[in-house]
Trainee: 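One structure coming up, written as structure tokens, with questions to follow.
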Amino acid sequence: MVTNATSLGRSGLFDWLVQRFSALVLLAWIAWVGIGIASAPEFGYPQWRALFAATPLQIFSLIAVLSLCAHAWVGMWTVTTDYLNEAHLGRAGTAIRLLIQAVCLLLTLACLLWGARIFWGSG
Amino acid sequence: MSQVLVSIYRYNPELDSKPRMQSLEVDVPGDRDLMVLDVLELAKAKDPSITYRRSCREGVCGSDGMNINGVNGLACITPLSKAAGPARKLVLRPLPGLPVVRDLVVDLSQFYEQFEKIKPWLINDEPPPAIERLQSPEERAKLDGLYECILCACCTTSCPSFWWNPDKFVGPAGLLQSYRFLADSRDAATTERLAELDDPFSVFRCRGIMNCVSVCPKGLNPTRAIGKIRNMLVEQGT
């Protein structure tokens, strides 16, 4: 078995399931919001606020943000382990991969917290 | 007689600083189709230093896997007419992604190491019966499309996931053989075999692009086998 400390769940099956499940969640969120927009006779800022004021969509939106973060991490981790390695970049490959992975992780966490603030914040 | 322009990858790592392509014009009979290997033999008659592997010349030994006009295949069973088309030009390169030993000969060590990893033998510690371990016709039929692999490496070396991670991703040939033993009713190590594969690389680096399926000279389908391994992992691991 090939071990890896930076993959999301350490298990190939777990990461694979997370990527597929999160994709379905995102699809459902897009459909929900899309139908919400399309079904309103007139759509502007007040309707947008009203749509997201409903608790079920607030909860589902946070789940969607979590799904987006998990999906992005599995995808970016795959890209970095494919292309940012010693075979492509020479001896600096591992350092560059870890650096990019760290940047991706920070951006993902920032996205998660920002999303939580938007959907659950007071403003 | 008609002429075919053959462009051959030439590289001797001990002497050359970098690879080059050598062009040769080869006379081939106009009244019948040749296989790419026949054309290569004619080219070698002109320049005996051209190096390649070949043995059975009938698609059984898997020695002469190479990249023919951009597509991996066995030179001995690839017709010139199909490979070169009306342009009558043949470009021969070694299988991609592996170190070149010389010209069209590649070092298959990484390919074999991945094959060894999946334990390509029957594991069953129960005392063997007096004659043989029997299978029903239905159980035996599950091995069709799996056991025919000749390990020519055409599939694995056409797979970008293997190019990027040849030390971690088992590759289509190895995974086809892995499923051949997972599907075998006589094998008793299914759980252990699956546990060895449940990491982020060995199986799951397959992105399903099916290059392996399109190049397999035996018409096998490693992507389907990988899908079945994945289903078995889902059944066992969730």
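Lettering of chains follows the sequences in order, A, B, ..., and the numbering in each one begins at 1. Atom set for the values below is all heavy atoms of this structure, side chains included, hydrogens, waters and symmetry mates excluded.
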Trainee: Does Phe21(A) have more than 12 heavy atoms from other residues, nucleotides or ligands lying within 6.0 Å of its CZ?
Mentor: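 No - once you tally the heavy atoms of other residues, nucleotides and ligands closer than 6.0 Å, there are 12 at most.
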Trainee: Can you tell me which portion of Leu8(A) sits under 4.5 Å from chain B's heavy atoms? Options are side chain, backbone, both or neither.
Mentor: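 Neither; nothing under 4.5 Å.
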Trainee: Going by side-chain contact (heavy atoms from CB on, under 4.5 Å), name the residues that satisfy it together with Val91(B), two or more places apart in sequence or in a different chain.
Mentor: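 Testing Val91(B) for side-chain contact (heavy atoms from CB on, under 4.5 Å), a comparison that skips the adjacent residues, returns Ser7(B), Met21(B), Asn69(B), Lys89(B), Arg93(B).
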Trainee: Considering only heavy atoms and a distance below 4.5 Å, find which of Pro200(B), Pro166(B), Gly237(B) pairs most often with chain A.
Mentor: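 That would be Pro200(B).
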Trainee: Using non-hydrogen atoms and a 4.5 Å limit, figure out which bit of Val234(B) sits close to chain A: side chain, backbone, both or neither.
Mentor: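 Both parts, backbone and side chain.
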Trainee: Please determine whether the number of non-hydrogen atoms from other residues, nucleotides or ligands lying under 6.0 Å from atom CZ of Arg102(B) exceeds 12.
Mentor: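 No, because the 6.0 Å sphere around CZ of Arg102(B) holds 12 heavy atoms or fewer from other groups.
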Trainee: How about CZ on Arg224(B), more than 12 heavy atoms from neighbouring residues, nucleotides or ligands closer than 6.0 Å, or not?
Mentor: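 Open.
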Trainee: Can you list the donor-acceptor atom pairs spanning chain B and chain A that come in under 3.5 angstrom?
Mentor:
| from | atom 1 | to | atom 2 | distance (Å) |
| --- | --- | --- | --- | --- |
| Trp164(B) | NE1 | Tyr83(A) | OH | 3.4 |
| Asn165(B) | ND2 | Asp82(A) | OD1 | 3.0 |
| Glu196(B) | OE1 | Met1(A) | N | 2.8 |
| Asp198(B) | OD1 | Ser11(A) | OG | 3.1 |
| Asp198(B) | OD1 | Gly12(A) | N | 3.4 |
| Asp198(B) | OD1 | Leu13(A) | N | 3.0 |
| Asp198(B) | OD2 | Ser11(A) | OG | 3.4 |
| Asp199(B) | OD2 | Val2(A) | N | 3.2 |
| Arg205(B) | NH1 | Thr78(A) | O | 3.3 |
| Arg205(B) | NH1 | Thr81(A) | OG1 | 3.0 |
| Arg205(B) | NH1 | Asp82(A) | OD1 | 2.9 |
| Arg205(B) | NH2 | Thr81(A) | OG1 | 2.9 |

